[in-house]
Protein chains: 2
Amino acid sequence: MRLTTKGRYAVTAMLDLAYHSQQDPVTLTDIATRQTISLSYLEQLFARLRRAGMVTGVRGPGGGYRLSRAASEINIAEIIEAVDEPLDTTKCAGEGNCQNNKACLTHDLWMGLSDQIRGYLKGISLGDLLTRHHVQEVAKRQEQDTKVVEIHRQQRVGA
Amino acid sequence: MRLTTKGRYAVTAMLDLAYHSQQDPVTLTDIATRQTISLSYLEQLFARLRRAGMVTGVRGPGGGYRLSRAASEINIAEIIEAVDEPLDTTKCAGEGNCQNNKACLTHDLWMGLSDQIRGYLKGISLGDLLTRHHVQEVAKRQEQDTKVVEIHRQQRVGA
DNA sequence: TTCAAAGTTGACTAATTTGCTTGGTTAAGT
DNA sequence: ACTTAACCAAGCAAATTAGTCAACTTTGAA
């Protein structure tokens with residue numbers, strides 16, 4: 001049972017976006033530095049999120065990404081599935097042909113588990129996460145940390 | 001979110017064992033043919049299950065494996081964790097050092113998910129599964145299918 | 001006592017997936 | 001024009017998975 005960084009990055013980036021894009025769009029470069037995710041990898045993930053209709057890209061200077069819907073209307077399950085990480089623990093993707101075209105001994109067990117996981121993550125929206133204390137604290141800490149990074153960058157340029 | 005065949009095979013094999021080892025021990029060869037799992041791969045999994053104290057090996061002719069405890073005393077979560085498939089969806093294995101030694105933005109979310117999964121699977125025992133209609137049907141079908149295989153084998157030897 | 005059935009162990013491997021990198025093109029604001 | 005940022009495509013190295021192969025040990029039965 002493993003969630004790869006793909007799904008984790010996608011949710012983290014979306015949460016960062018929800019937190020920072022109240023008015024202006026947010027650039028992937030900003031998200032990448034705050035969340036320490038590779039920029040080009042983020043681009044790939046956002047291509048999928050855009051195709052899934054969850055974010056809107058704004059090109060040109062001052063551009064970036066915005067949520068296409070309200071944060072409370074985007075749940076975690078759909079983010080993870082949008083980047084192609086299936087929330088499914090069966091071998092047969094729920095088809096029931098796990099063993100010689102018939103259901104395997106434990107098919108129903110994994111179906112139940114998958115429903116459990118999907119149900120749990122469907123019940124949580126980006127909006128829900130935003131209201132959590134822990135998320136707010138971490139987000140503030142990250143803003144401080146990245147400000148420091150920017151000062152360092154400017155000092156290097158100035159020197 | 002993906003459960004690998006490692007964990008799935010382990011649970012399937014344990015369920016097969018629970019179903020067939022009412023008196024005599026069951027050989028891995030039998031389990032391998034019934035569940036279409038590679039024998040040598042099964043051996044690796046059972047080595048771990050044995051070290052975890054869940055099964056007992058009986059050597060020599062007529063040997064095989066037996067459950068060390070009652071089927072109702074073995075839950076699915078411990079089987080999966082015994083074969084080294086962690087039921088944990090955080091990056092940091094729950095340590096909270098996911099980003100530069102501090103908790104990442106979504107740490108709590110994955111902790112909650114992991115608890116959810118573990119709780120669900122802890123609440124289901126091999127004994128519970130045995131009583132399910134679907135499991136009984138599939139197990140009977142598999143016994144028929146493997147009998148057919150054996151007849152074919154004998155016919156080939158006879159010819 | 002010897003054979004063979006079964007468990008036990010360890011090393012090695014092919015295929016797949018992941019998490020990137022590189023190197024672009026296109027659109028929009030200044 | 002120039003810059004900024006989204007958008008796109010191909011390729012690649014490390015890790016993981018799902019095994020195979022080959023040897024060895026223990027034990028019951030003939």
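Predicted, not measured: the structure shown is a model, and the values here were computed from it. Proteins come first, then strands; the chains are lettered A, B, ... in the order of their sequence lines, and each starts at number 1.
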For this session: Verify side chain to side chain contact (heavy atoms under 4.5 Å, CB included) between B/Arg34 and B/Val26, making sure each step is shown before the conclusion.
Result: CA-CA 12 Å; B/Arg34 269 195 298 265; B/Val26 177; 3.6 Å; yes

Exercise. Is the distance from OP1 or OP2 of D/dA18 to the nearest side-chain N or O of B/Thr4 less than 4.0 Å?
Worked result: yes

Exercise. With side chains defined as the heavy atoms from C-beta onward, is the minimum distance between B/Leu126 and B/Ile79 less than 4.5 Å?
Worked result: yes

Using residues 112-124 of chain B as the side-chain source, report each donor-acceptor pair under 3.5 Å to any protein atom, sequence neighbours left out, with the distance given to one decimal.
from: B/Ser114; atom 1: OG; to: B/Asp88; atom 2: OD1; distance (Å): 3.4
from: B/Ser114; atom 1: OG; to: B/Thr89; atom 2: N; distance (Å): 2.9
from: B/Ser114; atom 1: OG; to: B/Thr89; atom 2: OG1; distance (Å): 3.0
from: B/Ser114; atom 1: OG; to: B/Trp110; atom 2: O; distance (Å): 2.8
from: B/Arg118; atom 1: NE; to: B/Glu81; atom 2: OE2; distance (Å): 3.4
from: B/Arg118; atom 1: NH2; to: B/Leu87; atom 2: O; distance (Å): 2.7

For this session: Can you tell me the distance, in whole Å, between the CG atom of A/Leu28 and the P atom of C/dT21?
Result: 14 Å

Exercise. How long is the line joining NZ of A/Lys6 and P of C/dT18, in whole Å?
Worked result: 5 Å

Seminar exercise, completed: To the nearest angstrom, the CZ-C1' distance between B/Arg48 and C/dT9 comes to 12 Å

For this session: Go through the N and O atoms of the side chain of A/Arg59 and the base of C/dT26, and report whether any donor-acceptor pair is under 3.5 Å.
Result: yes

Exercise. Just to confirm, is there a sub-4.0 Å distance from OP1 or OP2 of D/dA6 to any side-chain nitrogen or oxygen of A/Arg50?
Worked result: no

Exercise. At under 4.0 Å, does any side-chain N or O of A/Tyr9 touch on OP1 or OP2 of C/dC20?
Worked result: yes

For this session: Calculate the interatomic distance between B/Ile37 atom CD1 and D/dT17 atom C1'; express it in whole Å.
Result: 15 Å

For this session: Measure from CG on B/Leu17 to P on C/dA6 and round the result to the nearest Å.
Result: 15 Å

For this session: Return the minimal non-hydrogen interatomic distance between B/His134 and A/Ala103, and the atom names on each side.
Result: NE2-CB, 3.9 Å

Exercise. Are the side chains of B/Tyr65 and B/Leu49 in touch, meaning some heavy atoms are under 4.5 Å apart?
Worked result: no

For this session: Write down the distance between CG (B/Asp30) and P (C/dA6), rounded to a whole number of angstrom.
Result: 8 Å

Exercise. For the hydrophobic clusters of this structure (ILVMFWY residues joined by side-chain heavy atoms under 4.5 Å, transitively), does one cluster hold both B/Tyr41 and B/Leu3?
Worked result: yes

Exercise. For DNA chain D, which residues in residues 38-47 of chain A have a heavy atom at a distance below 4.0 Å?
Worked result: A/Glu43, A/Gln44

Exercise. Can you tell me if A/Gln99 and A/His107 form a side-chain donor-acceptor pair at under 3.5 Å?
Worked result: no

Exercise. Between B/Tyr65 and B/Lys91, which has a closest nucleotide on DNA chain C that is more 5'?
Worked result: B/Tyr65

Seminar exercise, completed: Rounded to whole Å, CZ of B/Arg8 lies from C1' of D/dT17 at a distance of 12 Å

